[in-house]
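Just so you know, ligand 1 is whichever comes first in the structure, and atom 1 is the first atom listed for that ligand.
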Amino acid sequence: MDLTEMFAERTARMKASEIRELLKLLDQPGIISFAGGIPDPALFPSDAFARAFAQTMEGDQAGSALQYSVSEGYLPLREWLVGEMAKVGVPCSVDNILITSGSQQALDYLGKLFLSPGDTALVNWPTYMGALGAFNPYEPRYDQLSINGNRSADDFKDSAKAETGGRVKFAYLSSDFSNPTGETVDRRGRESLLDLADDLDCAVIEDAAYQALRYDGEDIPPILALEIARKGNLEACRTIYCGSFSKTLSPGLRVGWIVAAKPVISQLVLMKQASDLHSPTLNQIAINAVARACFEDHVSGVRKAYRGRRDAMLAALERYMPNGVEWTRPEGGMFVWLTLPVGVDGADLLALALETQKVAFVPGHAFFADGSGRNTIRLSFSCADEATIEEGMRRLGLALRAAIG
Ligand SMILES: Cc1ncc(COP(=O)(O)O)c(C=O)c1O
């Protein structure tokens with residue numbers, strides 16, 4: 001008997017990422033790793049969560065916290081989010097918000113909502129690997145999202161039709177301090193993207209997972225805020241905003257949210273009912289309590305810690321990188337993206353760096369929907385202290401010099 005023969009066609013595109021498999025091997029003593037794109041657990045507000053969970057379980061709320069609940073999400077949390085969204089220029093009501101199990105679930109639902117096989121999703125080259133993983137089972141074709149590029153809407157439409165007979169359904173992007181490059185789309189780029197989406201008549205999926213983690217420079221309004229300013233109100237907007245508490249409070253509790261026009265939210269609520277009924281109530285209650293008690297203070301501490309690590313990494317890159325290596329200078333988030341001299345392969349470099357220098361990072365090509373970008377790598381500065389970053393960059397410099405020859 002071979003059950004695998006009976007798996008649906010969509011599973012053909014659900015492959016284990018070779019990178020993720022490789023990263024499992026990195027948890028060995030002596031290795032300095034800049035591979036995992038995760039928050040530093042030392043920065044989690046553990047005491048505040050301990051109090052929130054204890055108070056919920058000891059109080060009158062225990063029964064409802066352990067009971068089934070509404071698919072839309074815990075109302076007081078959605079009410080708090082209404083206030084937060086208003087602060088960034090997105091006036092909305094609780095009916096515009098769906099709580100999800102992390103923004104990863106939002107990406108899965110949005111793929112399910114929009115993509116029929118052969119439809120086109122516009123994504124950056126490179127883009128968040130997890131977004132490709134979320135969209136792949138819906139069998140899309142990908143095209144390169146080039147903001148301010150020289151391709152017209154008709155060009156995107158024609159190639160979607162010619163290649164797979166589908167249409168462009170959405171543009172997906174991580175607007176601030178993206179994973180993997182750390183880059184931010186400036187205001188002009190956001191306005192051009194909205195022009196393109198209007199011409200294409202497609203949705204915009206704005207992944208705001210890192211938006212709260214700005215270390216310097218001016219805040220740029222979310223794409224959704226710019227669209228509301230153009231069109232008067234959220235109900236007229238094509239942008240769908242995906243937020244997350246993973247990078248600010250805790251990824252383990254799996255709480256994120258979607259903000260969109262009501263017809264979009266209503267359909268997503270049906271999807272959530274069919275998928276997991278609702279996100280864990282207890283976690284939503286705890287996030288709500290901690291967010292109300294200390295969100296701004298806590299996040300400003302997180303920013304301070306990561307800013308120091310970002311600065312340490314940029315300074316060490318200046319010191320140790322050989323000629324011909326270029327890198328981004330992110331104003332926030334967790335990542336720096338390196339472009340290596342042509343011909344230096346990021347995956348080969350990882351093998352060499354692990355063996356000879358015991359330093360790890362993520363080869364960049366897994367972030368490209370077309371499999372290109374072999375001479376790129378992603379470094380994460382979120383989990384290492386400044387001294388480790390200095391030593392790690394020194395080792396990376398040695399590995400690179402050996403690779404370049
Ligand atoms: C750009 C981006 N979007 C979404 C996610 C998913 O995060 P979560 O599901 O924890 O909210 C991540 C996680 O690393 C990410 O980097």
- Query: Got a sec, which residues hit side-chain contact (heavy atoms from CB on, under 4.5 Å) with Val94, two or more places apart in sequence or on another chain?
  - Reply: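 Listed in chain order: Leu75, Arg78, Glu79, Val82.
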- Item | Qualifying residues under salt bridge (charged side-chain N to carboxylate O under 4.0 Å, His left out), relative to Arg238, sequence neighbours excluded |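 Asp198, Asp201.
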- Apply salt bridge (charged side-chain N to carboxylate O under 4.0 Å, His left out) to Arg187 and list each qualifying residue two or more places apart in sequence or on a separate chain.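 Listed in chain order: nothing, the list is empty.
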At less than 3.5 Å, what protein N or O atoms come close to the N or O atoms of ligand 1? Include the distances to 0.1 Å.
residue: ligand 1; atom: 3 (N); partner: Asp207; partner atom: OD1; Å: 3.3
residue: ligand 1; atom: 3 (N); partner: Asp207; partner atom: OD2; Å: 2.6
residue: ligand 1; atom: 7 (O); partner: Ser103; partner atom: OG; Å: 3.4
residue: ligand 1; atom: 9 (O); partner: Ser103; partner atom: N; Å: 3.1
residue: ligand 1; atom: 9 (O); partner: Gln104; partner atom: N; Å: 2.9
residue: ligand 1; atom: 9 (O); partner: Arg254; partner atom: NH2; Å: 2.7
residue: ligand 1; atom: 10 (O); partner: Ser246; partner atom: OG; Å: 2.6
residue: ligand 1; atom: 10 (O); partner: Arg254; partner atom: NH1; Å: 2.8
residue: ligand 1; atom: 11 (O); partner: Ser103; partner atom: N; Å: 2.7
residue: ligand 1; atom: 11 (O); partner: Ser103; partner atom: OG; Å: 2.7
residue: ligand 1; atom: 11 (O); partner: Ser244; partner atom: OG; Å: 2.6
residue: ligand 1; atom: 11 (O); partner: Ser246; partner atom: OG; Å: 3.3
residue: ligand 1; atom: 14 (O); partner: Lys247; partner atom: NZ; Å: 2.8
residue: ligand 1; atom: 16 (O); partner: Asn179; partner atom: ND2; Å: 2.8
residue: ligand 1; atom: 16 (O); partner: Tyr210; partner atom: OH; Å: 2.6

- Evaluate the ring planes of Tyr215 and Phe381, with Trp represented by its six-membered ring, and classify them as parallel (under 30°), tilted (30 to 60°) or perpendicular (over 60°).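 Tyr215 vs Phe381 ring planes: perpendicular.
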- Message: Can you tell whether the side chains of Arg394 and Glu391 come within less than 4.0 Å, N to carboxylate O?
- Response: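 Between Glu391 and Arg394 there is a salt bridge, with a charged N closer than 4.0 Å to a carboxylate O.
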- Query: Does CG in Asp60 sit with more than 12 non-hydrogen atoms of other residues, nucleotides or ligands closer than 6.0 Å?
  - Reply: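 No, the 6.0 Å shell around CG holds no more than 12 heavy atoms from other groups.
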